[in-house]
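Comments concern the structure below.
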Amino acid sequence: MSDHTTPPADVQHVIDAARQILGEAEVINFSAATAERLARHVGALRMTVRALLAALEDGEHR
């Protein structure tokens, strides 16, 4: 029969380390997704600024 006692210290250490790794992996995953979204926004902003510059330069040459 299984009783619900505290696991031995070495087992608890492994459990704690595994939970820490999973937590850090979630942060990294979230950060990667955030970086990807940010890169898309920056790319769109660059295209907008380039179009604005082109329009301004075109108007300047007329």
Side-chain angles (χ1 to χ4, degrees):
M1 239 190 259
S2 169
D3 66 357
H4 296 286
T5 60
T6 304
D10 56 340
V11 173
Q12 187 62 49
H13 178 72
V14 171
I15 292 170
D16 293 343
R19 286 185 177 147
Q20 182 178 357
I21 290 167
L22 285 175
E24 290 172 5
E26 286 300 317
V27 169
I28 290 167
N29 187 48
F30 175 78
S31 296
T34 301
E36 186 177 323
R37 283 192 303 276
L38 182 58
R40 284 196 305 268
H41 289 301
V42 169
L45 180 59
R46 288 173 61 195
M47 287 175 34
T48 301
V49 170
R50 284 183 181 139
L52 177 60
L53 283 173
L56 290 171
E57 289 171 346
D58 185 46
E60 202 175 89
H61 291 85
R62 287 186 179 202

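Not measured: the values here are computed from a predicted model.
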### Query
Of all residues at least two apart in sequence or in a different chain, which pass the side chain to side chain contact (heavy atoms under 4.5 Å, CB included) check with S31?
V27
#### Entry: Pairs touching residues 6-16 that satisfy salt bridge (Lys or Arg N to Asp or Glu O under 4.0 Å), sequence neighbours left out
none
### Side-chain cluster (under 4.5 Å, hydrophobic types only) that I15 belongs to, other residues
V11
Show the atom names and distances, to 0.1 Å, of all donor-acceptor pairs under 3.5 Å that link a side chain in residues 17-24 to residues at least two apart or in another chain.
unit_1, atom_1, unit_2, atom_2, d
Q20, NE2, E24, OE2, 3.1

Side-chain donor-acceptor pairs under 3.5 Å in residues 33-52, sequence neighbours left out?
unit_1, atom_1, unit_2, atom_2, d
T34, OG1, F30, O, 2.9
T34, OG1, R37, NH2, 3.4
E36, OE2, R40, NH1, 3.3
T48, OG1, A44, O, 3.0

